Each structure stands twice: as structure tokens, then as C-alpha cells.
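What you see is a predicted model, and the numbers here were worked out from it, not measured in a lab. Per chain, numbering begins at 1; letters A, B, ... match sequence-line order.
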Amino acid sequence: MRIAREPRWSLTVSEAIDLQKRMASCLSLRGGPRNARLVAGADVAYDPSVQRCFAAVVVLERPHLEVVEEVTADATVSFPYVPGLLSFREGPVIVEAFSKLKVRPQVVFFDAHGYAHPRRFGLACHIGYLLDIPSVGCAKSVLVGEPQRALPEKALSWVWLIDKGERVGAVLRTQTGRRPIYVSPGYRVGFLAAIRLVSEVLGKFRVPEPTRLADILVERHKRKYLQQRGVRERLTS
DNA sequence: GCGACAG
DNA sequence: ATCTTGTCGC
Ligand SMILES: [Mg+2]
């Protein structure tokens with residue numbers, strides 16, 4: 001798959017923050033794909049000992065969520081973890097993985113926030129923009145904001161996530177008796193569309209299928225990569 | 001200054 | 001995110 005926009009990743013922390021402020025103003029919080037057939041999930045894993053990171057993208061076909069393509073990539077960690085700047089840490093290896101895809105997904109789900117971000121430009125917004133593909137943020141914990149009211153226990157119940165008086169996303173209970181996930185618009189997707197899209201790709205787990213399968217694949221890829229590297233060192237030394 | 005803080 | 005085995009609860 002061809003990457004629509006050329007990213008520049010070599011930025012300082014303050015330059016990255018400036019970029020987010022500039023980019024946030026040119027985002028559309030409306031729309032959303034109609035009856036998307038190809039949906040994708042992406043996730044990243046790390047090996048702290050060698051400053052290496054890994055990414056996986058899994059493409060599924062709706063409505064039955066069958067896997068149609070899987071790709072992985074790996075790279076050297078090039079940016080620290082700074083809350084609010086996750087896309088600059090995980091972006092390079094994620095985009096690298098997407099470039100290896102043959103098919104072009106119609107929507108992408110990320111294991112991170114989108115609009116629910118200090119500067120309203122989380123990883124899901126940033127990567128969706130670079131790929132020029134509608135995207136949704138599906139985080140497992142909160143970065144900014146608070147539920148507008150108490151979240152009911154029943155599965156599929158949701159409430160708005162409010163930050164500084166502004167609606168930034170939704171708190172969605174995907175399973176009864178389990179903690180909720182945090183859904184927010186990424187790129188070219190509205191609030192209700194984001195919630196609907198996530199509900200359409202839920203399986204039997206708390207986390208949506210696309211990101212859950214990407215998580216499993218990236219973990220498997222990381223293990224294989226490190227094993228292979230261990231073998232080479234043994235034969236070289 | 002203090003506390004919060006995606007992955 | 002990662003370090004880590006078994007164990008308790010939905
Ligand atoms: Mg992740």
C-alpha cells in the first residue's frame with residue numbers, strides 16, 4: 001500500500017507539540033465510511049534491552065471479520081515515551097508496516113486515542129492523516145477527560161468523554177463486568193460513527209478484534225525476531 | 001509547586 | 001510498553 005503523505009519523524013519534543021497544534025485545526029470530526037468492507041487494526045511492541053520496536057497490521061473483512069492480510073515491521077526506537085506524543089514514538093514503525101500491505105483498508109483502528117488528546121491530535125488522528133484513511137482511536141485507559149456521567153454496567157452502554165467542557169470521545173463498555181474502552185474519532189470520522197464502527201468489529205473480548213489480533217501478531221513477531229537474532233549472534237561469536 | 005499521564 | 005506464575009473473580 002502506498003503511503004499518501006510523507007512523514008517527517010525527526011523532530012524535537014517542542015517541534016512535535018507545535019506540529020500537533022497546527023494539524024489539529026485541519027481535522028474533520030464528521031463523516032465515516034459507509035459499510036466498510038476492509039478494516040484494519042495496528043499495534044506495537046517493544047524490546048527494552050535492545051531499543052527495538054515492532055509493529056503489526058491485521059486486515060479483516062466485514063461483517064464476518066475474517067483475516068485477509070497480515071504484515072509486520074520492526075525498527076529502532078527513535079523517540080521517548082512522552083504522554084501526548086505517542087505517535088512520534090510508534091508512528092515510524094506503524095507506517096512502515098502499512099507500506100507493506102497489498103490491500104488498502106477502508107478504516108483503521110488504533111490501540112491509542114484519537115481526538116481525546118491534550119491537543120486533539122492523538123496517534124489515531126496523526127496516522128490516519130498520513131495514510132489518508134479514516135481512523136478510530138480505541139484506547140484501554142484515559143489520557144484526558146472524564147465520563148460525562150456514570151457508565152451503566154450493561155454491555156454496549158456508553159457515555160461521552162468530556163475534557164475541559166468539550167466532548168472528545170466516548171467511554172464504551174464492550175463487556176459486562178469489565179472495564180470500558182475509550183473510543184474517539186481519528187481521521188475523517190465523527191463521534192457517533194466511531195462508536196458504531198467499533199461496535200461493528202467487536203468479538204468476544206473487551207478489545208475490538210482488529211487491535212486484539214494485531215496485538216497477538218506483533219507479540220508473536222517480536223518473539224520470532226528475537227529468537228532469530230539470538231541464533232545469528234551465537235553463530236557469529 | 002502538585003498531580004495526571006495513551007503505549 | 002515491559003518485568004512475571006499462579007490465582008481469584010466475572
Ligand atoms: Mg499497544
Side-chain angles (χ1 to χ4, degrees), chain A residues 9 13 16-17 19-20 23-24 41-57 72-97 108-129 135-147 151-157 161-164 168-187 194 198 204-208 210-223 225-226:
Chain A
W9 295 118
V13 165
I17 291 175
L19 182 148
Q20 292 181 327
M23 293 303 300
D43 194 25
V44 172
Y46 300 87
D47 176 31
S49 67
V50 292
Q51 286 285 292
R52 201 77 187 159
C53 59
F54 311 85
V57 176
T72 59
D74 44 76
T76 296
V77 174
S78 60
F79 199 90
Y81 171 67
V82 180
L85 300 180
L86 184 65
S87 66
F88 297 91
R89 179 174 172 83
E90 302 197 340
V93 73
I94 290 176
V95 170
E96 162 77 15
V108 182
F109 298 87
F110 291 101
D111 177 29
H113 291 283
Y115 193 73
H117 176 276
R119 289 165 293 280
R120 310 296 185 248
F121 197 70
L123 183 148
C125 304
H126 196 163
I127 309 304
Y129 167 81
S135 62
V136 179
C138 304
K140 300 184 293 296
S141 64
V142 66
L143 175 60
V144 297
E146 54 190 57
L151 178 65
E153 294 297 325
K154 184 175 164 52
L156 295 187
S157 58
L161 179 67
I162 309 293
D163 180 45
K164 295 174 162 59
V168 295
V171 185
L172 172 65
R173 176 116 40 211
T174 57
Q175 303 266 283
T176 302
R178 303 215 61 188
R179 298 166 53 209
I181 63 172
Y182 300 82
V183 177
S184 60
Y187 181 66
V198 169
K204 298 179 177 178
F205 304 88
R206 177 173 82 118
V207 174
T211 50
R212 191 182 73 86
L213 295 179
D215 178 278
I216 292 172
L217 178 59
V218 77
E219 224 51 66
R220 184 188 309 153
H221 175 249
K222 169 184 167 182
R223 166 170 289 200
Y225 176 92
L226 294 177

### Intermediate values then yes/no, side chain to side chain contact (heavy atoms under 4.5 Å, CB included), A:Y46 and A:E90
CA-CA 10 Å; A:Y46 300 87; A:E90 302 197 340; 2.8 Å; yes
## Note on the structure
With sequence neighbours left out, the residues meeting side chain to side chain contact (heavy atoms under 4.5 Å, CB included) with A:A97 are A:A55, A:V57, A:V71, A:A73
### Residue pair A:I181, A:V198: steps toward the side chain to side chain contact (heavy atoms under 4.5 Å, CB included) verdict
CA-CA 10 Å; A:I181 63 172; A:V198 169; 4.1 Å; yes
### Task
Report yes if the side chains of A:C138 and A:V207 come closer than 4.5 Å at any heavy-atom pair, otherwise no.
no
#### Entry: For DNA chain B, the dot-bracket pattern of Watson-Crick and G-U pairs whose distances stay under 3.5 Å, | for other-strand partners
.......
### Message
Mind checking if A:E146 touches a base, just sugar-phosphate, or nothing, with heavy atoms under 4.0 Å?
### Response
nothing
### Query
Is there a side-chain contact between A:Y225 and A:R52, using heavy atoms and a 4.5 Å cut-off?
yes
#### Entry: Flag side-chain contact, heavy atom, 4.5 Å: A:D74 against A:H221
yes
### Query
Closest approach of A:W9 and A:V95, non-hydrogen atoms and distance?
CZ2-CG2, 4.0 Å
### Message
Looking at every heavy atom in both A:T174 and A:F205, which two are closest together, and how far apart are they?
### Response
OG1-O, 4.2 Å
### Task
Test the A:R120-A:Y115 pair against the cation-pi criterion, namely NZ or CZ under 6.0 angstrom from the six-membered ring centroid and within 45° of the ring axis.
yes
### Query
A:V218 and side-chain contact (heavy atoms from CB on, under 4.5 Å): which partner among A:T72, A:D43, A:V93, A:V44?
A:D43
#### Entry: Step-by-step side chain to side chain contact (heavy atoms under 4.5 Å, CB included) determination, A:L226 to A:D47
CA-CA 9 Å; A:L226 294 177; A:D47 176 31; 3.5 Å; yes
With 3.5 Å as the limit, what N/O pairs link the protein to nucleotides 4-7 of chain B?
{"residue": "B:dA6", "atom": "OP2", "partner": "A:Y81", "partner atom": "OH", "Å": "2.4"}
{"residue": "B:dA6", "atom": "N7", "partner": "A:G84", "partner atom": "N", "Å": "3.1"}
{"residue": "B:dA6", "atom": "N6", "partner": "A:G84", "partner atom": "O", "Å": "3.0"}
{"residue": "B:dA6", "atom": "N6", "partner": "A:L85", "partner atom": "N", "Å": "3.2"}
{"residue": "B:dA6", "atom": "N6", "partner": "A:L86", "partner atom": "N", "Å": "3.0"}
{"residue": "B:dA6", "atom": "N1", "partner": "A:L123", "partner atom": "N", "Å": "3.2"}
{"residue": "B:dA6", "atom": "N3", "partner": "A:H113", "partner atom": "N", "Å": "3.1"}
{"residue": "B:dG7", "atom": "OP1", "partner": "A:K140", "partner atom": "N", "Å": "2.8"}
{"residue": "B:dG7", "atom": "OP2", "partner": "A:S141", "partner atom": "OG", "Å": "2.9"}
{"residue": "B:dG7", "atom": "O3'", "partner": "A:D111", "partner atom": "OD2", "Å": "3.1"}

Could you go over nucleotides 6-10 of chain C and give all protein N or O partners under 3.5 Å, atom names and distances?
none

### Those residues that, when tested against A:Y129, pass side chain to side chain contact (heavy atoms under 4.5 Å, CB included) (two or more places apart)
A:R5, A:M23, A:Y187
### Query
Does a nitrogen or oxygen in the side chain of A:K222 sit under 4.0 Å from OP1 or OP2 of C:dA1?
no
### Secondary structure string for DNA chain C (Watson-Crick or G-U under 3.5 angstrom, | for other-strand pairs)
..........
### Task
Measure the acute angle between the ring planes of A:F121 and A:H126, then classify it against the limits of 30° and 60° as parallel, tilted or perpendicular.
tilted
